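Keep in mind that what you see is a predicted model, and the values were worked out from it rather than measured.
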Amino acid sequence: LGPGEVTDSNSLLLAARAGETGARPLVSDVQPDDPDVLAREIRRVALAADIVLVIAGSSAGRSDHTATVIARTGGLAVRGVAVRPGHPVLLGYVQPEPARAGHSAAAVPLIGVPGYPLAAAVTFELFAVPLLAALQGTQPAERVRQRAELACDWTSSPDVEDWVPVTLTPVPADAHFDGLVVATPIRRGSGSISRLMRAHAWWPVPIGQGKFARGAHVDVQLIPGRPP
């Protein structure tokens with residue numbers, strides 16, 4: 001990597017996950033933080049795609065142009081959701097400009113995916129997976145849930161649905177509960193891809209439920225392909 005460059009792990013992560021849903025991912029080149037360039041690329045890929053994911057640029061920094069570009073190329077329906085990580089997600093559509101005869105100009109759904117890896121993963125599960133299933137005329141694969149015992153006290157903001165990655169280990173032999181596993185939340189920030197790689201499951205903490213004591217029973221969602 002050169003100075004100021006960042007490894008693009010998100011496109012690999014989301015392309016692989018899209019393939020697991022039955023979709024065929026098409027990954028374009030990394031684009032500069034230029035609204036005109038982004039608009040042209042979004043319109044171009046929308047000619048060949050059934051859904052467009054724009055990775056990063058969804059927040060409110062001076063180089064975050066995705067919201068403006070979505071509004072300019074089509075329409076912006078949602079800017080931000082009560083989910084963590086993934087709060088700055090953008091939901092809208094792009095109206096492609098037909099470049100030649102035979103190409104449909106129908107609006108294409110677009111998701112502005114936050115750039116932090118954990119936020120990108122959560123955003124894809126919540127919004128892209130159901131949309132891809134609908135576009136294929138199917139139902140999303142049922143999420144495998146498991147009851148677990150919390151390994152430690154935990155506090156989340158009650159104002160958001162907090163998706164916490166957890167590792168799963170067998171309950172100690174001297175425990176009094178049968179058929180449960182121990183869920184240990186993985187701390188650190190949403191920008192750490194290693195945090196996701198170590199996780200076996202997501203623990204979606206519902207809005208309004210902020211405090212949990214060690215030993216509490218919680219429901220976790222297993223990450224596909226990541227058995228404990």
Side-chain angles (χ1 to χ4, degrees), residues 1-21 25 27-35 38 41-42 51-70 76 78-92 110-132 143 154-167 184-207 210 220-226:
L1 296 177
E5 293 182 335
V6 178
T7 298
D8 176 25
S9 61
N10 284 340
S11 65
L12 300 176
L13 168 69
L14 300 187
R17 188 69 186 95
E20 291 175 347
T21 71
V27 181
S28 66
D29 294 333
V30 175
Q31 303 298 314
D33 293 320
D34 182 303
L38 292 172
E41 181 66 5
I42 288 173
I51 173 176
V52 175
L53 305 179
V54 181
I55 301 174
S58 65
S59 193
R62 61 183 180 181
S63 297
D64 293 323
H65 304 300
T66 303
T68 301
V69 171
I70 294 175
L76 180 62
V78 174
R79 183 168 189 172
V81 294
V83 174
R84 186 180 67 180
H87 169 71
V89 65
L90 306 170
L91 306 176
L110 186 152
I111 301 176
V113 179
Y116 285 133
L118 266 70
V122 170
T123 294
F124 192 89
E125 295 303 315
L126 286 177
F127 301 106
V129 168
L131 182 54
L132 287 169
R143 292 171 178 165
W154 184 262
T155 301
S156 288
S157 171
D159 300 327
V160 298
E161 181 177 288
D162 192 7
W163 279 54
V164 182
V166 298
T167 59
T184 303
I186 304 175
R187 300 182 183 272
R188 293 179 65 184
S190 60
S192 173
I193 189 68
S194 62
R195 186 181 180 200
L196 179 60
M197 295 304 297
R198 293 198 305 273
H200 299 125
W202 290 106
W203 172 31
V205 181
I207 292 178
V220 300
Q221 297 181 10
L222 301 183
I223 296 175
R226 303 295 304 278

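Between L110 and I51, the closest side-chain pair of non-hydrogen atoms is not below 4.5 Å. Side-chain atoms of L126 and W163, non-hydrogen and from C-beta on, do get closer than 4.5 Å to each other. Inter-residue side-chain proximity for D33 and H65 is flagged as met; some heavy-atom pair is nearer than 4.5 Å. F127 has its side chain out of reach of V78: every pair of non-hydrogen atoms, C-beta onward, lies at least 4.5 Å apart. Using a 4.5 Å heavy-atom threshold, the side chains of L118 and P165 count as touching. Using a 4.5 Å heavy-atom cutoff, the side chains of V164 and W202 are not in contact. In this structure, W154 and P185 have side chains that are in contact, with non-hydrogen atoms separated by less than 4.5 Å.
Note that CD of Q31 and CD1 of I42 are 9.0 Å apart. Values are rounded to the nearest 0.5 Å. Atom-to-atom distance recorded for D162:CG and R84:CZ is 4.0 Å, nearest 0.5 angstrom. Atom CD1 of residue I55 and atom CG of residue N10 lie 5.5 Å apart, to the nearest 0.5 angstrom.
With hydrogens and angles ignored, the 3.5 Å screen pairs a side-chain donor or acceptor of R195 with a backbone N or O of I186. Panel note: side chain S58, backbone P88; a donor-acceptor pair is recorded below 3.5 Å. No donor-acceptor pair closer than 3.5 Å links the side chain of E125 to the backbone N or O of V122. With T66 contributing its side chain and A56 its backbone, the two residues share a donor-acceptor pair below 3.5 Å.
Residues L196 and A121 approach most closely at CD2-CB, 3.9 Å, considering heavy atoms. Heavy-atom minimum distance, T167 versus R198: CG2-O, 3.3 Å. V89 and I111 get closest at one heavy-atom pair: CG2-CG2, 4.0 Å. Residues T123 and G86 approach most closely at OG1-CA, 4.0 Å, considering heavy atoms. Closest of all the heavy-atom pairs between D159 and A82 is O-CB, 3.9 Å. Listed here is the closest heavy atom pair of Q221 and P204: NE2-CG, 3.6 Å.
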Discussion item. side-chain contact (heavy atoms from CB on, under 4.5 Å), that's the test. Do V54 and I70 meet it? Break it down for me.
Written reply: CA-CA 9 Å; V54 181; I70 294 175; 5.6 Å; no

Item to complete: Start with the C-alpha distance between L53 and F124, add both sets of side-chain angles, then the distance that settles side-chain contact (heavy atoms from CB on, under 4.5 Å), and finish with yes or no.
Response: CA-CA 9 Å; L53 305 179; F124 192 89; 3.8 Å; yes

Discussion item. Test side-chain contact (heavy atoms from CB on, under 4.5 Å) on V160 and H87; report intermediate values, then the result.
Written reply: CA-CA 9 Å; V160 298; H87 169 71; 5.8 Å; no

Item to complete: Using the side-chain contact (heavy atoms from CB on, under 4.5 Å) rule, take E41 and D29 through it: C-alpha gap first, then chi angles, then the decisive distance, then the call.
Response: CA-CA 9 Å; E41 181 66 5; D29 294 333; 5.8 Å; no

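Qualifying side-chain contact (heavy atoms from CB on, under 4.5 Å) partners for P158, counting only residues two or more places apart in sequence or in other chains: none.
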